[in-house]
Amino acid sequence: MAWYDEAIFYHIYPLGLCGAPKENQYGEPVHRLNSLAPWIDHIKEIGCNAIYIGPLFESVGHGYETTDYKKLDSRLGDNADLTNFVANCHEKGIRVILDGVFNHTGRDFFAFQDIKKNREHSAYKDWYCQVNFGGNNEYNDGFSYENWGGYNLLAKLNQHNPAVRDYICDVIRFWVKEFDIDGIRLDAADVLDFEYMKALRHVANEVKPDFWLMGEVIHGDYTRWVNEGTLHSVTNYHLHKALYSGHNDHNYFEIAHTVKRLYEMGGNRPDGLKLYNFVDNHDVERIYTKLTNKAHFTPVHVLLYTLPGVPSIYYGSEFGIEGKKEQYSDDSLRPALSLDDYKEAHEKNACTKLIAKLGEVRQRIPALSYGDYKELLLMNRQYAFSRTMDGHTAIITVNNDDSDYVMTVPAGDVSEYIGSLSRQRVTSANGSIAVNVPANSGEIWIPYMDSGDQSEDTSSKEDKSSQEETPAENINAEPVSTSETDNRIPDTSQLNEDAVPKPDTNPCGSETSAAKSGTDTCSVTDPSYENGKIAGLQEAILAIMAKNGPITEQMRCDVQNQTDHDSLINWIKSFH
């Protein structure tokens, strides 16, 4: 187990967040990086314990056309500012990884400038790919060279040159010695030479225990990059796409199948691939912009924090800000923000409150970081799975429909579960729990005995149930009136609360334990309850369901298989 196995990342694009000028004049340092000091407390408050920040080093423009790998960009400050920033993070228990742009440099980099000056006689003429002194380019250099992405602003380094490898390896050693960083995210790792990456991994193993190498990879079989010889992790673009399109299309099959495929890549082991999961970053549109239904912000992030992998939040998205990719510009994805504009977000912004709660839950439940993954229920609009570690299980349920939905999922031998977000308690029956998942929401169910709440359980179950009606989309433990819209995910008022479940959906993704045993799946009441109380409650639930649409046989069985009095009471209350 390493620190990154339990990491929750906060991703910062510093030139944008700090409001730096678009072009670097290479003048006196302007200490903008120091303005991020208050953000460290904010990052910790929302439950993040690691920061990915970059690019940081001297460059001419957006940061990826590096001029000097050993000097903080003068638009952000000087090296002492970065040293202090990392030290402050460490004091707060936050790890820091930097952006390593090692595939290409800018034209102002010393080696490229030497080629311009000395041409064929330059000691650095082999530091770049396909340098041709018989060619030319739009800068009229009198030579041509291979670039990255079609931009001659980005000159591609010759990764096969031992001198280049040695130089970059020394850069990593310098960053650790000078700034005490904890890892590196390799830019454009999917085009890096594998021998080059092996050299970087060797240095990573040398400089610091648990030094983390994560790479930017868009497509392909991630095991090519994630292994003992190259990288610890890569960016999970497969899941990124599935999370937003799976909600926009009401298609949890896309998400579940993506997770299954990735889990199989890791050998179906929780210690297999530990991919860097995200829903937005500095290169793609904000999740709040991409979602057709803004209320899906909740189930999207419940999944981000509970599926296998390492979750990451891109700065500002915890406030639910918009960001649309524009032609020839990513500026709207990388805005300057002032924390003063969001000082009440922790109390009044539902997106921020959700992210903070999920961060707290993730840190408190080891199974979400280390547990194995098992799919429990899968439909277009409902999805449930479990994460289990050392016999402790968390059950995750999500619903992308505009109506509440009652799921029946296997509960093992645990007698009672509690919702980590809503604090609602449910009792198992016949090895299953029937839980109501509010519209466009989700929940993380853990065994009640693991929750720590039982020490405060001084009231009866009846008293407790009256206090635990808060829907899962409202992350406060305190019950609130539905009129308090500031405690809900923004724009949920646009939803049609009278929308009905689709008649072809199956409320149970697998056979009940009774069905597997060959017994009557609709055996109903416990005769110990006087005057048919249980049967009456079951009939009441079926009557309410009938108002919302046709009742399938499976739905009827789910109701009749639930024979616990308190669970039935909570079920009825969930319809209100």
Side-chain angles (χ1 to χ4, degrees), residues 1-10 43-50 93-95 239 259 263 266 269-277 298-313 318 353-377 383-398 407 409-426 428 433 435 437 441-457 468 470 472-477:
M1 294 181 180
W3 67 264
Y4 42 78
D5 293 324
E6 299 180 22
I8 303 170
F9 273 94
Y10 192 84
I43 290 165
K44 186 176 180 65
E45 191 173 351
I46 63 171
C48 295
N49 53 20
I94 297 173
R95 307 277 185 158
L239 184 62
V259 172
Y263 200 59
R269 303 188 323 274
D271 62 342
L273 296 180
K274 288 290 183 73
L275 301 175
Y276 181 86
N277 295 343
T298 295
V300 162
H301 283 87
V302 169
L303 291 176
L304 175 66
Y305 274 75
T306 58
L307 287 169
V310 179
S312 174
I313 296 295
E318 73 272 26
K353 290 161 65 177
L354 174 69
I355 297 303
K357 184 62 178 177
L358 288 171
E360 180 267 321
V361 170
R362 170 95 183 190
Q363 291 193 31
R364 181 164 48 85
I365 304 175
L368 298 179
S369 297
Y370 298 106
D372 64 5
Y373 166 86
K374 182 179 180 182
E375 184 181 297
L376 301 179
L377 181 149
Y383 174 32
F385 58 92
S386 64
R387 302 291 307 278
T388 302
M389 174 191 177
D390 296 334
H392 297 272
T393 296
I395 296 174
I396 294 86
T397 55
V398 286
M407 296 187 194
V409 294
D413 57 1
V414 177
S415 61
E416 187 173 17
Y417 280 81
I418 185 169
S420 297
L421 304 181
S422 66
R423 313 313 297 167
Q424 181 183 355
R425 287 161 58 178
V426 293
S428 65
I433 53 173
V435 297
V437 186
S441 191
E443 182 57 279
I444 304 164
W445 304 93
I446 62 172
Y448 179 63
M449 293 303 295
D450 291 346
S451 68
D453 285 18
Q454 64 272 15
S455 61
E456 303 173 4
D457 191 11
E468 293 164 356
T470 310
E473 66 177 315
N474 178 350
I475 65 171
N476 280 337

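- Under the 4.5 Å side-chain criterion, counting only non-hydrogen atoms from C-beta, Val435 is not in contact with Glu443.
- Put simply, the side chain of Leu239 reaches to within 4.5 Å of the side chain of Leu307, judged on heavy atoms.
- The main-chain N or O of Leu368 is found under 3.5 Å from a side-chain atom of Arg387 such that the two form a donor-acceptor pair.
- Side-chain contact of Glu6 with Tyr370: a donor-acceptor pair under 3.5 Å is present, judged by distance alone.
- Distance CD1/Ile365 to OG1/Thr306: 10.0 Å, rounded to 0.5 Å.
- Across all non-hydrogen atoms, the minimal contact from Val414 to Pro447 is CG1-CB, 3.8 Å.
- Remark: side-chain polar atoms of Asn49 are not paired, donor with acceptor, to backbone N or O of Gly93 under 3.5 angstrom.
- Tyr4 has its side chain out of reach of Arg95: every pair of non-hydrogen atoms, C-beta onward, lies at least 4.5 Å apart.
- Summarising the geometry, atom CG belonging to Leu421 is positioned 9.0 Å from atom OG1 belonging to Thr298; distances are rounded to the nearest 0.5 Å.
- To the nearest 0.5 Å, atom OG of residue Ser369 and atom CD1 of residue Ile8 are 7.0 Å apart.
- Not a single donor-acceptor pair under 3.5 Å links the side chain of Gln424 to the backbone N or O of Ile418.
- Across all their heavy atoms, Gly47 and Gln363 have their closest contact at O-NE2, 2.6 Å.
- Side chains of Tyr10 and Ile46 form a contact here, defined as non-hydrogen atoms less than 4.5 Å apart.
- For the residue pair Leu358 and Val302, the shortest heavy atom distance occurs at CD1-N, 3.9 Å.
- With hydrogens and angles ignored, the 3.5 Å screen pairs a side-chain donor or acceptor of Tyr263 with a backbone N or O of Tyr373.
- Between Val361 and Ile446 the shortest side-chain heavy-atom distance does not fall below 4.5 Å.
- Note that the CD1 atom of Ile433 and the OG atom of Ser415 stand 11.0 Å from one another [nearest 0.5 Å].
- Residues Asp5 and Arg362 approach most closely at O-NH2, 4.4 Å, considering heavy atoms.
- Of all heavy-atom pairs between Tyr383 and Glu375, the closest is CE1-CG, 4.3 Å.
- With hydrogens and angles disregarded, no donor-acceptor distance shorter than 3.5 Å links the side chain of Ser386 to the backbone of Thr393.
- Counting only heavy atoms from C-beta outward, the side chains of Leu354 and Tyr305 never approach each other to under 4.5 Å.
- Using a 4.5 Å heavy-atom cutoff, the side chains of Thr388 and Lys374 are not in contact.
- A pairwise comparison of heavy atoms in Ala7 and Pro311 identifies O-CD, 3.6 Å as the closest pair.
- A donor-acceptor pair under 3.5 Å is absent between the side-chain atoms of Asp372 and the main chain of Pro270, judged by distance alone.
- Without hydrogens or angle criteria, Tyr417 side chain to Ala411 main chain gives a donor-acceptor distance under 3.5 Å.
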